[in-house]
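Notes follow the structure.
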Amino acid sequence: MSTKELCIHLTELHAKSLLNDNDTFLFDCDGVLWNFPDIFTGAVELLNYLTEHGKRLFFVTNNSTKTQDDYAKRFNDIGYKAKPEQIICSAWLTAQHLKSINFKGKCYVVGMSSMKHELEREGFQICGGIGPDPLASDANAIKTDKLELDKDVDCVISALDLHISYIKILKAATYLNRPNVLFLATNDDASLPQSDEIVMPGAGSILASVAAASCRSPTILGKPHRPMFDAICLTFPDVDPKRTVMIGDRVETDIAFGNRQGTKTLLVFTGATSEKYLDTLKQQVEKHTTERDLLPNFCVKDVGQFLQFLKSTEKSTS
């Protein structure tokens, strides 16, 4: 497929084709449906429209700070009746991955309470890492003989952690110094979506510290990596990637994820990727300096315009 057949600006005809030729729609959340607490115009209406037309929707997010139940409540609060099983979040994903490999040991988790909730719900044992683990304010040295380390830790999980500290990185790296300890990461997003000039470090920033200190490379579970799609297919085996659309705002995660799994991809310009940046990427692909899987099949201004096209095609055929 040439680059001329990629990055196509969506039209009513394309929208109709996406509706008719697909059964499943995967949505990223931040930058696509909302910049929370602001919900994008047409977002809820689009979700309800697709559901009313018999489509199955999943919400595929690398955010590990919310549980399935948290997200389901948020959707219900804004007017879309989501079920927890529609939420493919990285905290849930981590628990599903451990189940799939029949993991039986203890986990040290650098992350928020959502990670603890999803892991313990599936019966996994957490031994530290959740919540603050600070040094005393007057500390000028680490007394390693005083550290509380669990000899039975068999897995270290790195996620977004607002309480990240030197001690947490030390403990994670020390556990990973044991060669048989499993190393997982929810995702490797360097930063979080943000609408102002503030840079919000993401899970990937924390992961970089743990990986550097331990000299270990993790299995990364979230977009754009394969384990997230494997978890969807394991739980919902009738999902066919050839009849699935991935809708996202970030080419490096959402679009690459969809392309690598064989879905159709639709980029919206309400989040991380601008139209100007997409044009630059397209030129780089043509020069063979950028991977082709960063380019979407289609692009559109926002989910509201996608809905508008869908409704227009409905009127034209009635």
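Model, not experiment: these values are computed from the prediction.
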Roughly how far, to the nearest 0.5 Å, is [atom2] of [Y] from [atom1] of [X]?
{"X": "Leu192", "Y": "Asp30", "atom1": "CG", "atom2": "CG", "value": "8.5 Å"}
{"X": "Asn187", "Y": "Leu207", "atom1": "CG", "atom2": "CG", "value": "8.5 Å"}
{"X": "Lys83", "Y": "Phe58", "atom1": "NZ", "atom2": "CZ", "value": "10.5 Å"}
{"X": "Ser90", "Y": "Met228", "atom1": "OG", "atom2": "CE", "value": "6.0 Å"}
{"X": "Leu310", "Y": "His53", "atom1": "CG", "atom2": "NE2", "value": "8.0 Å"}

Does some side-chain heavy atom of [Y] sit less than 4.5 Å from a side-chain heavy atom of [X]?
{"X": "Trp92", "Y": "Thr235", "value": "yes"}
{"X": "Phe257", "Y": "Thr253", "value": "no"}
{"X": "Thr41", "Y": "Asp302", "value": "no"}
{"X": "Leu182", "Y": "Leu98", "value": "yes"}
{"X": "Tyr49", "Y": "Lys311", "value": "yes"}
{"X": "Lys301", "Y": "Val268", "value": "no"}
{"X": "Ile232", "Y": "Val60", "value": "yes"}
{"X": "Ile206", "Y": "Leu160", "value": "yes"}

State whether [X] and [Y] are salt-bridged, where the test is any N-O pair (Lys NZ or Arg NE/NH1/NH2 against Asp/Glu carboxylate O) under 4.0 Å.
{"X": "Glu291", "Y": "Arg260", "answer": "yes"}
{"X": "Asp23", "Y": "Arg56", "answer": "no"}
{"X": "Asp133", "Y": "Lys168", "answer": "no"}
{"X": "Asp69", "Y": "Lys73", "answer": "no"}
{"X": "Asp21", "Y": "Lys264", "answer": "no"}

For the residue pair [Y] / [X], report whether a side-chain donor-acceptor contact shorter than 3.5 Å exists.
{"X": "Thr94", "Y": "His97", "answer": "no"}
{"X": "Gln96", "Y": "Glu122", "answer": "yes"}
{"X": "Asn297", "Y": "Thr265", "answer": "yes"}

[Y] and [X] aromatic ring geometry - parallel, tilted or perpendicular at 30°/60° bounds:
{"X": "Phe59", "Y": "Tyr80", "answer": "perpendicular"}
{"X": "Trp34", "Y": "Tyr71", "answer": "parallel"}
{"X": "Phe103", "Y": "Phe124", "answer": "tilted"}

Just by distance, do the side chain of [X] and the backbone of [Y] share a donor-acceptor pair under 3.5 Å?
{"X": "Asn259", "Y": "Asp293", "result": "yes"}
{"X": "Thr61", "Y": "Cys29", "result": "no"}
{"X": "Asp70", "Y": "Thr67", "result": "yes"}
{"X": "Asp249", "Y": "Thr270", "result": "no"}

### Query
In terms of hydrophobic clustering (I, L, V, M, F, W, Y; side-chain heavy atoms under 4.5 Å; direct or indirect links), are Leu47 and Phe236 co-clustered?
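No, Leu47 does not connect to Phe236 through the hydrophobic network.
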### Task
Verify the cluster assignment for Ile130 and Leu162: are they in a single hydrophobic cluster under the rule of side-chain heavy atoms below 4.5 Å apart?
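Hydrophobic grouping puts Ile130 apart from Leu162.
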At their closest point, which heavy atom of [X] faces which heavy atom of [Y], and how far apart are they?
{"X": "Ile255", "Y": "Leu295", "value": "CG2-C, 3.7 Å"}
{"X": "Ala203", "Y": "Ala159", "value": "CB-C, 4.0 Å"}
{"X": "Leu10", "Y": "Ala15", "value": "CD1-N, 4.1 Å"}

### Task
Given side-chain contact (heavy atoms from CB on, under 4.5 Å), test Thr11 with Phe309 step by step and report yes or no.
CA-CA 7 Å; Thr11 65; Phe309 288 152; 5.6 Å; no
### Message
Could you check whether atom OH of Tyr166 has more than 12 heavy atoms from other residues, nucleotides or ligands sitting under 6.0 Å from it?
### Response
no
